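Comments concern the structure below.
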Amino acid sequence: MRVRLDAFEMFYSVSGAGPPVVLIHGFPLDHTMWQPQVDELSKDHVVITADLRGHGQSQATPGPYSMDLLADDVNMLLDHLGLGQVVLGGLSMGGYVAFAFFRKYQQRVRALILVDTRAEADTPEAKARREQQAQAVLKDGPGNLVNQMIVKMFTQKTILNDTTLVERVRKMMESTSSVGAVGALQGMAQRPDSTLLLESIRVPTLIIVGSEDSLTTVSDAQRMAGRIPGSELVIVPEAAHFTTLEKPRGGNAAVCRFLPRMSL
Ligand code: MLT
């Protein structure tokens with residue numbers, strides 16, 4: 001389905017019935033990365049997945065896409081759908097957007113699910129690397145960036161043995177428009193540090209991380225868990241950065257244990 005937000009047309013999908021769960025994808029992915037979770041959770045929840053601006057089937061606008069801007073888009077989508085409080089989940093960049101959303105619209109957040117993400121801002125070196133990547137994408141498209149990224153997104157074992165999954169995700173990443181990829185890279189580089197925000201989170205929070213994630217590591221996740229009061233950390237074995245895609249059963253099991261614990 002599509003909705004015209006203020007500056008662009010956003011693509012989104014709604015499945016199932018029950019208390020609402022909104023899942024925000026990582027970079028440079030789209031809403032279909034959540035298919036294994038949609039299949040499971042839509043049995044007793046309404047699951048909303050959307051393509052962030054510049055990704056998937058949503059239109060691209062000139063960037064940078066600050067995490068606040070992407071959070072505003074999600075907020076407008078919830079208004080359009082007439083939803084009040086939701087469980088909000090995000091993977092990696094989706095987690096950065098979830099932090100921005102919590103900062104601006106915390107009354108709308110019933111619970112948080114933070115997957116393979118981190119609270120810290122980019123270091124100056126990481127910011128510079130993102131700008132180089134953005135310039136390379138503008139010049140040659142996202143192909144080289146995807147080649148560099150894909151080997152870190154999955155474990156070696158999955159890269160060797162599950163070429164169907166890896167190629168599906170590669171295509172998803174390659175189909176991100178250059179304008180969209182640049183907008184997100186520049187937006188992520190600008191994102192503020194969310195470490196202090198963690199201590200103010202008073203909603204049930206589930207943190208999931210792949211045991212072999214080298215981008216947002218187990219120690220990043222442990223630091224977040226240490227600062228978010230009452231949060232729960234689940235380390236999924238044999239998964240790298242795209243845990244819920246690589247090990248959907250482990251990811252789903254964690255979420256399915258977590259959701260019923262709150263009266264939604
Ligand atoms: C993602 O998976 O969303 C990105 O790798 C996050 C990042 O580059 O910081």
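It should be emphasised that the depicted structure is a prediction, and the values quoted were computed from it without experimental measurement. Each ligand, and each atom within it, is numbered from 1 in the order the structure gives.
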Spell out, as yes or no, whether a donor-acceptor pair under 3.5 Å connects the side chain of [X] to the backbone of [Y].
X	Y	answer
Glu120	Asp193	no
Gln190	Ser66	no
Arg110	Val87	no

Side chain, backbone, both or neither: which part of Met173 comes within less than 4.0 Å of ligand 1 when only heavy atoms are counted?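 The answer is neither.
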Does only the side chain of Thr216 get under 4.0 Å from ligand 1, or the backbone, or both, or neither? Count heavy atoms.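 For Thr216, no heavy atom sits under 4.0 Å from ligand 1.
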Asn252 and Gln37: side chain donor to acceptor below 3.5 Å: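 Per modelled atom types, Asn252 and Gln37 side chains form a pair under 3.5 Å.
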Tell me which protein heavy atom sits closest to [atom], plus the residue, atom name and distance to 0.1 Å.
atom	answer
atom 8 (O) of ligand 1	Arg130 NH1, 2.8 Å
atom 5 (O) of ligand 1	Leu215 CD2, 3.4 Å
atom 3 (O) of ligand 1	Phe27 N, 2.7 Å

Under 4.0 Å to a heavy atom of [X] - the qualifying atoms of ligand 1, by number:
X	answer
Phe242	2 (O)
Met149	5 (O)
Tyr96	6 (C), 7 (C), 9 (O)
Gly26	3 (O)

May I ask you to check whether [X] has an N/O atom sitting below 3.5 Å from an N/O atom of ligand 1?
X	result
His241	yes
Met153	no
Met93	yes

Are Leu145 and Met172 in one and the same hydrophobic cluster, where Ile, Leu, Val, Met, Phe, Trp and Tyr link if side-chain heavy atoms are under 4.5 Å apart?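 Same cluster: Leu145 reaches Met172 through Ile, Leu, Val, Met, Phe, Trp or Tyr contacts under 4.5 Å.
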Any chain of hydrophobic side-chain contacts (each under 4.5 Å) joining Val38 to Met1?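 Same hydrophobic cluster.
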Heavy atoms only: which of Ala184, Gly94, Ser92 lies closest to atom 4 (C) of ligand 1?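 Selected option, by shortest heavy-atom distance: Ser92.
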Worked check of ring-ring contact (aromatic ring centres under 6.0 Å, His included) between Tyr12 and His31: CA-CA 8 Å; Tyr12 68 95; His31 76 285; 9.5 Å; no
Taking the basic N atoms (NZ, or NE/NH1/NH2) and the acidic carboxylate oxygens, is any pair closer than 4.0 Å for Asp51 and Arg2?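 Answer for the salt bridge query: no.
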Going by the side chain to side chain donor-acceptor pair (under 3.5 Å) test, name the single residue among Arg129, Arg191, Lys127 that passes it with Asp122.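 Single side chain to side chain donor-acceptor pair (under 3.5 Å) partner of Asp122 among Arg129, Arg191, Lys127: Arg191.
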